[in-house]
Amino acid sequence: MQIYNTMSRRRERFEPREPGRVGLYVCGITVYDHCHIGHARALVVYDLLYRHLVASGYDVTYVRNITDVDDKIIDRAAREDTTADDISERFIRSMHEDAASLGTIAPTHEPRAMDSIDAAIKLIEKLIDSGHAYAGDNGDVYYAVSAFEDYGKLSGRRPAELRSGLRVAVDEHKRDPLDFVMWKAAKPGEPSWPSPWGDGRPGWHIECSAMSMSLLGETFDIHGGGLDLEFPHHENEIAQSEAATGQTFANYWMHNGLVRVDDEKMSKSLGNFTTIRQVLEHFDGEEIRAFIASSHYRSPLNYSDAQLEASRAALQRLYTALRGHDDIADEPSNAAAGGEPALDESAITRFDDAMNDDLNTSEAMAVLHDLATQLNVASRKGQNTDVAKVAQLAATLRHLGARLGLLQEDPERALQRGASLDADRIDALIEERTAARAAKDFARSDAIRDELAKAGVLLEDVDGKTTWRRS
RNA sequence: GGCUGAGUGGCAGAGUGGCUAUGCACCGGAUUGCAAAUCCGUUUACCUCGGUUCGACUCCGGGCUCAGCCUCCA
């Protein structure tokens with residue numbers, strides 16, 4: 001597999017440290033609000049990576065942290081006159097609901113910063129001892145950027161350039177304006193933990209260093225996160241971790257592109273975000289997933305209803321192809337009994353090649369669509385329908401859909417989900433229309449069809465039977 | 001200002017030194033009572049200026065435009 005490594009700025013052949021095993025750490029969510037579509041992208045992108053690694057035969061330890069010790073959480077708790085724990089718990093629940101709606105597989109470990117404070121303190125002590133950090137007289141502890149020679153190697157920034165471009169007021173307790181906080185002294189009323197430097201809490205960067213190394217070791221294979229975390233967050237993680245251990249922190253750095261709105265980054269600070277749950281009012285989680293998979297994970301992705309609708313149409317096409325074949329597709333091994341290969345190997349190969357090429361999900365989706373076309377052709381009524389071929393194509397489409405976390409619903413149900421009328425009412429009208437058609441009362445039958453169409457229910461007369469789907 | 005990255009057909013979005021991406025939309029045809037779904041076919045591209053090459057959308061360089069980061073952010 002080829003992975004684009006931000007560290008080298010090129011695609012590299014992926015070689016895990018230990019054959020067959022992969023340690024994957026992804027920066028998760030700071031839980032002070034509902035997740036937006038940008039978070040959805042990160043959740044889905046690394047879920048796709050995880051699924052592909054597992055499908056490739058790796059034993060993957062997938063760690064996605066939860067940042068539940070943070071200024072924003074404390075601020076929100078103060079605003080709502082509640083505790084930080086209350087805020088964290090509420091939005092952890094929300095995040096888990098959203099992640100489930102998007103069809104993501106739960107990570108192997110989901111460490112919380114709150115539970116890693118001791119590990120963070122130990123790391124800070126180690127860095128002070130080695131001269132990479134110092135305590136300020138205000139109770140804060142800072143990392144000394146100048147003591148780490150490789151600072152800037154991920155983002156391509158040099159400390160000298162950074163100093164000259166500084167746009168932020170300099171903290172008088174820092175020896176160098178680039179130094180960053182690893183331990184923050186507590187202000188009155190803030191949640192805090194005891195430490196050798198007084199009560200306080202760890203900074204964001206050290207939390208991630210502590211959580212990742214606690215679960216994956218001093219060196220692990222892949223570290224992922226949003227592109228906006230490349231600097232300073234990941235740069236600082238590297239500085240802390242590598243200064244403390246003398247080892248390479250992560251071998252491969254992956255960064256997903258950001259979601260945009262009107263060609264501008266979607267973010268909390270810009271206020272132009274749409275939460276996952278808002279989108280779920282109009283679209284299914286699977287449609288959001290298909291939307292995210294439609295472009296390469298490193299490209300920017302523009303969010304719009306039109307894009308979601310295009311993904312809905314694409315999924316409808318795939319489910320339509322699958323309709324009527326799902327009984328066979330559920331048991332791909334059955335098809336093997338007759339000596340035919342259970343799955344279409346050429347499609348699988350093409351799909352694997354695409355995914356092995358730095359997760360080319362666009363190409364992977366194209367494979368699904370090509371399978372749908374073949375399936376539609378093979379299962380057409382008429383001369384020499386090849387039953388085994390149809391079964392194989394349907395099974396393959398379902399199988400590869402699963403590789404992307406898609407197409408796992410019953411096709412009929414997927415095509416009908418979200419309908420505004422209840423099924424009994426629709427069935428009654430269909431029955432009436434069928435009777436009218438039998439009597440050649442086409443005026444009446446068309447009137448019923450139009451009425452249903454207005455309610456967003458489309459009728460299809462297939463093989464003498466009428467079925468419906470949501471428009 | 002510095003550091004990254006991007007500019008593909010009506011829209012979205014892959015990809016390749018010479019050969020069909022794919023989906024949606026459009027047009028023509030098949031099918032249908034008419035539709036829908038489906039199939040077949042057509043049309044529409046590669047920011048700009050140079051360079052390398054037999055040949056570049058694809059490689060190299062300049063320019064223009066856009067985005068991300070340099071402050072919390074997936």
Side-chain angles (χ1 to χ4, degrees), chain A residues 6 9 26-30 32-33 35-46 64 67 70-72 75 152 154-158 160-169 178 204 224-233 235 255-260 263-270 273 290-291 294-296 298-302 304 306-307 309-318 320-321 323 354 357 360-370 372-373 375-377 379-382 415 437 440 442-443 445-446 449-450 453 458-463 466-469 471:
Chain A
T6 306
R9 307 273 163 189
V26 176
C27 286
I29 314 287
T30 301
Y32 71 99
D33 202 350
C35 293
H36 58 63
I37 298 299
H39 298 115
R41 189 179 196 189
L43 289 167
V44 170
V45 162
Y46 295 106
R64 187 183 63 212
T67 301
D70 185 87
D71 290 355
K72 297 239 167 104
D75 291 348
L154 177 69
S155 58
R157 290 154 217 266
R158 306 316 314 183
E161 291 160 357
L162 287 164
R163 287 190 190 98
S164 66
L166 274 185
R167 301 189 308 194
V168 191
L178 297 188
W204 179 38
L227 187 58
D228 50 352
L229 302 187
E230 180 192 307
F231 187 91
H233 183 55
E235 198 70 72
H255 290 96
N256 62 278
L258 304 179
V259 174
R260 297 185 190 174
D263 282 319
E264 191 174 48
K265 173 187 173 180
M266 176 183 286
S267 75
K268 290 289 173 60
S269 43
L270 291 170
F273 62 93
F291 164 62
S294 71
S295 76
H296 187 84
R298 284 191 280 113
S299 305
L301 179 61
N302 250 315
S304 71
Q307 288 312 305
E309 271 154 28
S311 292
R312 166 174 293 173
L315 277 175
Q316 281 178 342
R317 176 177 145 76
L318 298 176
T320 299
R323 188 164 54 180
D357 182 16
N360 188 342
T361 50
S362 307
E363 171 69 13
M365 289 292 285
V367 174
L368 299 195
H369 282 290
D370 287 343
T373 301
L375 178 55
N376 287 331
V377 170
S379 55
R380 280 171 93 181
K381 278 285 156 208
L415 290 166
R437 290 180 73 212
K440 301 242 187 286
F442 294 122
S445 83
D446 290 353
R449 188 169 64 198
D450 291 347
L458 294 185
L459 298 189
E460 295 173 11
D461 299 325
V462 188
D463 301 340
T466 301
T467 75
W468 64 275
R469 64 184 176 87
S471 62

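Letters go in sequence order (proteins before strands), and every chain restarts at 1. Computation of the quantities below employed the complete heavy-atom set of this structure, encompassing side-chain atoms and omitting hydrogens, waters and symmetry-equivalent molecules. This structure is a prediction, so every number in the text was calculated from the model and none was measured.
The side-chain tip of A/R157 points at the ring of A/F231 from less than 6.0 angstrom away and within 45° of straight on.
With B/C70, B/U38, B/C34 as the candidates, the nucleotide lying closest to the side chain of A/L162 is B/C70. Checking B/C69, B/C3, B/C34 against every side-chain atom of A/F231, the shortest atom distance belongs to B/C69. Nearest nucleotide to the A/W204 side chain, out of B/A74, B/G68, B/C70: B/A74. Comparing B/A74, B/G5, B/C40 by their nearest atom to the side chain of A/R9 picks out B/G5. Closest approach to the A/V377 side chain among B/A74, B/C39, B/C73 is made by B/C39 (side chain taken as heavy atoms from C-beta onward). With B/A12, B/G33, B/A35 as the candidates, the nucleotide lying closest to the side chain of A/D461 is B/A35. Counting only heavy atoms from C-beta on, A/A314 has its side chain closest to B/G23 among B/G13, B/G23, B/C73. For A/A366, whose side chain is taken as the heavy atoms from C-beta onward, the closest listed nucleotide among B/A21, B/A36, B/C3 is B/A21. Looking at the side chain of A/R449, the nearest of the listed nucleotides B/C11, B/G33, B/A74 is B/G33. Relative to the side chain of A/T373, the nucleotides B/A21, B/C39, B/G68 differ in distance, and B/C39 lies closest.
Note: CD (A/E460) to P (B/U38) measures 8 Å, nearest angstrom. In this entry the distance linking CZ of A/R260 with C1' of B/C66 reads 7 Å, nearest Å. Taking atom CG on A/D370 and atom C1' on B/U20, their separation rounds to 10 Å, with Å as the unit. Nucleotide B/G7 holds its C1' atom 14 Å from the CG atom of A/N302, rounded to whole Å. A/K72 has its NZ atom 6 Å from the P atom of B/C73, to the nearest Å. Across the protein-nucleic acid pair, A/Q316 atom CD and B/A36 atom C1' stand 12 Å apart, rounded to whole Å. A/L368 has its CG atom 14 Å from the C1' atom of B/A21, to the nearest Å. Rounded to whole Å, the distance from CD on A/E230 to P on B/G5 is 9 Å.
Side chain A/D446 to base B/G33: a donor-acceptor pair is found below 3.5 Å. With hydrogens and angles ignored, no donor-acceptor pair closer than 3.5 Å exists between the side chain of A/R41 and the base of B/A74. No donor-acceptor contact under 3.5 Å links the side chain of A/R317 to the base of B/C24. A donor N or O paired with an acceptor N or O is not found under 3.5 Å between the base of B/C3 and the side-chain atoms of A/R158.
Taking 4.0 angstrom as the limit, A/K265 places a side-chain polar atom (N or O) nearer than this to OP1 or OP2 of B/C69. The phosphate of B/A37 (OP1 or OP2) has a side-chain N or O of A/R469 nearer than 4.0 angstrom. Residue A/H369 has no polar side-chain atom (N or O) positioned under 4.0 Å from OP1 or OP2 of B/U22. The phosphate of B/A12 (OP1 or OP2) has no side-chain N or O of A/S362 nearer than 4.0 angstrom. Between A/N360 and B/A14, a side-chain N or O to OP1/OP2 separation shorter than 4.0 Å is absent.
In this structure, B/U48 forms a base pair with B/G62, meeting either the Watson-Crick or the G-U wobble geometry with both donor-acceptor distances under 3.5 Å. Base pairing of B/U38 is made with B/A30, judged by Watson-Crick or G-U wobble geometry with both donor-acceptor distances under 3.5 Å. Shown here, B/C69 forms a base pair with B/G2; the pair counts as Watson-Crick or G-U wobble because both key distances fall under 3.5 Å. Applying the Watson-Crick and G-U wobble criteria (two distances, each under 3.5 Å), B/C54 pairs with B/G18.
Among the atoms of the strands shown, none is found under 4.0 Å from any heavy atom of A/V45. Residue-level contact check: A/R298 touches neither bases nor backbone, having no heavy atom under 4.0 Å from any strand.
Of the charged side-chain nitrogens involved, none lies within less than 4.0 Å of a carboxylate oxygen, so that A/R298 and A/E230 do not count as a salt-bridged pair. A/D446 and A/R449 are joined by a salt bridge, as a carboxylate oxygen and a charged side-chain nitrogen come within less than 4.0 angstrom of each other.
Between A/K268 and A/H36 the shortest heavy-atom distance is CE-CD2, 3.8 Å.
Spacing of P atoms, B/U42 relative to B/C47, comes out at 25 Å, to the nearest Å. Comparing B/G29 with B/G63, their C1' atoms are spaced 48 Å from each other, to the whole Å. B/U71 and B/G18: their P atoms are spaced 44 Å apart (whole Å). When the C1' atom is used for both B/A45 and B/U22, the distance is 15 Å, rounded to whole Å.
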Worked verdict on A/K72 versus A/D75 for salt bridge (charged side-chain N to carboxylate O under 4.0 Å, His left out)
CA-CA 5 Å; A/K72 297 239 167 104; A/D75 291 348; over 6 Å; no
